[in-house]
Structure formats: C-alpha cells, structure tokens
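These notes concern the structure reproduced below.
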Amino acid sequence: MISFAANLCRLELSCFHGGRRSIATVISGNITSKLVRERLRKEVEEMSFSGFRPGLVVLQVGDRDDSNLYISTKLKVAAQIGIEAKHVRLPTTATQEEVLQHITLVNQNPSVHGLIVQLPLDSVNSINTELVTNAVSPEKDVDGISCENAGKLSRGDLADCFLPCTPNGCMELIRQTGVSVAGKHAVVIGRSKIVGAPMHDLLLWNHATVTTCHSKTRDLPEQVAKAEILVVGAGRADMVRGEWVKEGAIVIDCGINHVPDETKPSGKRVVGDVHYASAYQRAGFITPVPGGVGPMTVAMLMENTVKSARRFLQRELSRR
Ligand code: NAP
Ligand code: LUD
C-alpha cells in the first residue's frame, strides 16, 4: 500500500465537525497513480539486469477514438516505467480467426509478459469477445478478465490471479482513505466483466457486505443510500445524485462519459456517473472525473505487467 493521505486533498474535515456537516475529501487518482508508477519504475530498474525488460502487448481491433486515447496513455506510461510496450492494431475488417492467430503468436512469445485486448472490439465482422479474451494465456492476462483469473477472484484466491485493473485501482483509492473495508456495506452499480462484477468480488473478499445493482435494480436511490462505500460503473452521465448518497460515504466514480459543452474548444467534456457537485456536499471521500479511477486503471495494468515479468523470471531461475 502507498503512504496514506499523500494524495488526499483535504479541503475540509469530512463528515460532521463541530455540529457542521462539511464537504468531501477528494481522492486523487493522478497523485496515487504517480506514486505507483514511481515505485514500479524503481522495481523495473532493479530487474533490468542483462537488458531484461518487462514486455506488454496491447492488441486493438479497429480505430475507436476513446481506445486510441487510452492506448496512447498506456504506451506512454509503460515507456516511463521501463516496460517494453507494443501496440498491435488490426483493421476493422479483421476476422475472429485473425485476432485469435495474433493472440496465439503473443502467447508463444517469451519476451512478452502481458497481453491485453482493448475493448470494445471495433470490427465489421462478428467477433466473440468472450472467446477472444479467453484465448489470452492466463499467465499473461494482465487485464485479469479471462475465465481462469475471474474464477479465482470470485472464489477469493486473490493472491493467485491477476486482478482486473479498474477494480484493483478502485481498491487502491479506497485504501488511500484509511477507512477499513471489513464489515462495511458496499454498493456497486454495474455488473460488467471489467468493472462491476470483479469490483463486487474484490470488495467481498476484502470483507465488505456487498450489494450489486444493475439496470433492472428497483429503486436505485434506496440502495445507494445504504452504501458506506459506493462504486459506480454504469456509463450514465451524472446518474447518481448527491441527495442519494449517505453522509460521509466513500464514493468511487468509474464513469467516463462525454457530454456536450460549448465552452470547450472540443465542444464536449468528460463527466463521471456521479453528479460530482452534489455528491461532493455529502460524501466523506470522492474521486474526481477525470483524474480519479482512469489513471489508476493504467497504473494497475503496469503493476500486473511487472508482476507477470517477475513471475517469468522466477520460473526461468527455478528451471536452471
Ligand atoms: P457496461 O459494460 O456498459 O456495463 C454497465 C453496467 O451498468 C451494466 O451492468 C448495466 O446493467 C449497468 N447499468 C446501466 N445503466 C444502469 C442504470 N440506469 N441503473 C443501474 N445500472 C445500470 O460498461 P462498463 O464497461 O462496465 O463501463 C461502465 C462505465 O465505466 C463507462 O462509463 C466506462 O467508460 C467506464 N469505465 C471506466 C474505466 C476507467 O478506468 N475509469 C474503466 C472501464 C470502464 P445491465 O448489466 O443490467 O445491463
Ligand atoms: N479494455 C479497458 N476498455 C475501456 N482516463 C481502459 C480507460 C484510461 N480490455 C480492456 O483501459 O482496462 C481496460 N481493459 N479500459 N479504460 C476504459 C476501459 C478496456 C479509461 C480511462 C483512462 C483507460 C484514462 O486515462 C483519464 C482520466 O480519467 O483522468 C482521461 C479521461 C479522458 O477521457 O480525458
């Protein structure tokens, strides 16, 4: 764990203070991820004897603007840490067979320790995403979304798998608050394979009592009101209103939504799934968007890649 409080922007003491309720402490993903990246840079330096470097491949199908942005950030951060990262981009015309062939090649390449398939797949052909993500060798699945890694996480074998980057990043941000997760009532909104479902599992095995909500959940505000820890990954701009939030709760917002904004040169801006201005008035701790979960997703991918490279070195040493 990184030193607690280094990344907390404590504008006022949270919760009740002298009878007066005050505003939230902001948990910065930019600062926390910087600490993680700096630690990883040193670790990579230490393992870089005789030219060894951790290797990462990011496989993309198509040309989505958002994927291009996320991948360029991943490549830049990898380079800063000393990870040899390669971007493989297949055209939108790529077939499922071609994607699987590329995955097999990377699986067999001993200089690559991590492989992620950036989602969603942007193809004119019908490609089974589940089949593709499961083709990644579990020991290189630094995204932590193959059935094998997800299964281990769901059964609580956390030390024996790669933890998915976004939920793992959320856990790191929750740890930054110094609040113990054990015994807390946590509510997760969303049940996707990369955010909601693994977030539920991680909170559960960190001993929270967890409720997971989705599009069929009745009375979302009622569920949210019970959350001492709230993690939102729904993809709905400003959906969670501050009035729903329990006083003093930890609010982690995974959402990345583009909304029109005429005051910006691009004509749009990024907002989360939580209505920040109102939630800020009630939460104890809150993550901003941008600068919250996003940078942690990237940092945790690097952490998994370095972990995979270390495991590779250990296997090599034990063979000799
Ligand atoms: P997803 O696959 O579309 O899943 C969204 C989930 O939210 C689904 O489980 C869906 O329920 C649920 N949901 C949708 N509308 C809802 C509503 N009105 N009430 C309650 N639940 C609702 O999306 P995702 O990949 O998990 O991503 C979610 C958000 O996080 C997006 O904004 C995405 O851009 C962002 N994201 C951010 C990061 C990061 O690093 N910051 C990483 C990944 C994703 P059903 O299952 O019933 O459909
Ligand atoms: N697929 C991801 N698809 C999309 N935000 C990311 C992401 C960086 N297989 C697979 O990387 O983990 C993944 N594995 N994802 N995502 C989203 C998701 C995937 C999201 C945000 C960021 C990666 C990021 O750097 C910045 C921030 O929040 O401050 C900038 C946000 C902006 O758009 O300006």
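These numbers come from the heavy atoms of this one structure, side chains and all, not from hydrogens, waters or symmetry mates. In listed order, ligands and their atoms are each counted from 1.
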[X] [atom1]: over 12 foreign heavy atoms closer than 6.0 Å:
{"X": "His207", "atom1": "NE2", "result": "no"}
{"X": "Arg315", "atom1": "CZ", "result": "yes"}
{"X": "His102", "atom1": "NE2", "result": "no"}
{"X": "Asp219", "atom1": "CG", "result": "yes"}
{"X": "Lys226", "atom1": "NZ", "result": "yes"}

May I ask you to list the atoms of ligand 1 that are less than 4.0 angstrom from any heavy atom of [X]?
{"X": "Gly255", "answer": "30 (O), 32 (O)"}
{"X": "Ile189", "answer": "20 (C), 21 (N)"}
{"X": "Thr297", "answer": "39 (C), 40 (O)"}
{"X": "Met239", "answer": "17 (C), 18 (N), 19 (N)"}
{"X": "Asn257", "answer": "32 (O)"}

Between [X] and [Y], is there a donor-acceptor pair closer than 3.5 Å when you use the side chain of the first and the backbone of the second?
{"X": "Asp238", "Y": "Val271", "value": "no"}
{"X": "Asn206", "Y": "Val181", "value": "no"}
{"X": "Lys246", "Y": "Glu228", "value": "no"}

Per [atom], closest listed option by heavy atom ([options]):
{"atom": "atom 27 (O) of ligand 1", "options": "Val195, Val240, Ile194", "result": "Val195"}
{"atom": "atom 35 (C) of ligand 1", "options": "Cys254, Gly272, Gly294", "result": "Cys254"}
{"atom": "atom 9 (N) of ligand 2", "options": "Asn30, Leu119, Asp143", "result": "Asp143"}
{"atom": "atom 34 (O) of ligand 2", "options": "Val270, Val142, Thr287", "result": "Val270"}
{"atom": "atom 2 (C) of ligand 2", "options": "His258, Arg269, Gln118", "result": "Gln118"}
{"atom": "atom 29 (O) of ligand 2", "options": "Gly294, Gly272, Gly291", "result": "Gly291"}
{"atom": "atom 6 (C) of ligand 1", "options": "Gly196, Pro167, Gly233, Gly235", "result": "Gly233"}
{"atom": "atom 11 (O) of ligand 1", "options": "Gly190, Ser215, Pro120", "result": "Ser215"}

Check your understanding: Does Pro295 have a non-hydrogen atom less than 4.0 Å from ligand 2?
Key ->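 True for this residue.
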Review point. So is Val289 in contact with ligand 2, going by heavy-atom distances below 4.0 Å?
Key: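 Judged by the 4.0 Å heavy-atom criterion, Val289 does not count as contacting ligand 2.
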May I ask you to identify the nearest protein heavy atom to [atom], giving residue, atom name and distance to one decimal place in Å?
{"atom": "atom 21 (N) of ligand 1", "value": "His214 C, 3.1 Å"}
{"atom": "atom 18 (C) of ligand 2", "value": "Ile194 CD1, 4.1 Å"}
{"atom": "atom 30 (C) of ligand 2", "value": "Pro290 CB, 4.4 Å"}
{"atom": "atom 12 (O) of ligand 2", "value": "Thr297 CG2, 3.6 Å"}
{"atom": "atom 9 (O) of ligand 1", "value": "Arg191 N, 2.9 Å"}
{"atom": "atom 8 (C) of ligand 2", "value": "Tyr70 CD2, 3.5 Å"}
{"atom": "atom 26 (O) of ligand 1", "value": "Ser192 OG, 2.5 Å"}

Proximal ligand 2 atoms for [X], defined as those under 4.0 Å from one of its heavy atoms:
{"X": "Ile256", "result": "21 (C), 28 (O)"}
{"X": "Val298", "result": "8 (C)"}
{"X": "Lys74", "result": "6 (C), 11 (O), 12 (O), 13 (C)"}
{"X": "Leu69", "result": "33 (O)"}

Point to revise | Heavy-atom closest pair, residues Glu98 and Thr93 | key: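 Looks like OE1-O, 4.3 Å.
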Point to revise | Closest non-hydrogen atom pair between Cys213 and Gln223, with its separation | key: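 Where Cys213 meets Gln223 most closely, the heavy atoms are SG-CB, 3.8 Å.
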Taking [X] first and then [Y], would you say they form a salt bridge - that is, a charged N and a carboxylate O separated by under 4.0 Å?
{"X": "Lys42", "Y": "Glu45", "result": "no"}
{"X": "Lys152", "Y": "Asp160", "result": "yes"}
{"X": "Asp157", "Y": "Arg155", "result": "no"}

Review point. When only distance counts, is Val117 in polar contact with ligand 2, meaning an N/O pair under 3.5 Å?
Key: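 Yes - when backbone and side-chain N and O of Val117 are compared with those of ligand 2, one distance drops under 3.5 Å.
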Check your understanding: Looking at Val231, Ile194, Val293, Asp143, which hits side-chain contact (heavy atoms from CB on, under 4.5 Å) with Thr166?
Key ->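 Of Val231, Ile194, Val293, Asp143, side-chain contact (heavy atoms from CB on, under 4.5 Å) with Thr166 is met by Val293 alone.
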**Study point:** Step-by-step side-chain contact (heavy atoms from CB on, under 4.5 Å) determination, Leu301 to Ile116
**Key:** CA-CA 9 Å; Leu301 174 65; Ile116 82 156; 3.4 Å; yes
Where on [X] is there a heavy atom closer than 4.0 Å to ligand 1, on the side chain, on the backbone, on both, or on neither?
{"X": "Leu220", "value": "side chain"}
{"X": "Met296", "value": "neither"}
{"X": "Ile256", "value": "both"}

Review point. Would a search of protein heavy atoms around atom 40 (O) of ligand 1 find one under 4.0 Å away?
Key: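 True for atom 40 (O) of ligand 1.
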Check your understanding: Under 4.0 angstrom from ligand 1, any heavy atom of Thr217?
Key ->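 Flag not set, Thr217 not near ligand 1.
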Practice item. Just say parallel, tilted or perpendicular for the rings of Phe52 and His113, cut-offs at 30° and 60°. Key: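 Answer is tilted, since the angle falls between 30° and 60°.
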**Study point:** Sequence neighbours excluded, every pair satisfying salt bridge (charged side-chain N to carboxylate O under 4.0 Å, His left out) that has a member inside residues 285-307
**Key:**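 Output for this query lists Arg39-Glu303.
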Point to revise | Over-ring placement of Arg269 relative to Tyr276, 6.0 Å and 45° cut-offs | key: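 Relative to the ring axis of Tyr276, which defines the angle, Arg269 lies outside at least one limit.
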Exercise for review: Go through the steps to decide whether Ser137 and Glu139 satisfy the test side-chain hydrogen bond (donor to acceptor under 3.5 Å, both in side chains), and finish with yes or no.
Suggested key: CA-CA 6 Å; Ser137 159; Glu139 61 269 22; 3.3 Å; yes
Review point. Is there a nitrogen or oxygen of Arg236 sitting under 3.5 Å from a nitrogen or oxygen of ligand 1?
Key: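 Arg236 vs ligand 1: N/O contact under 3.5 Å present.
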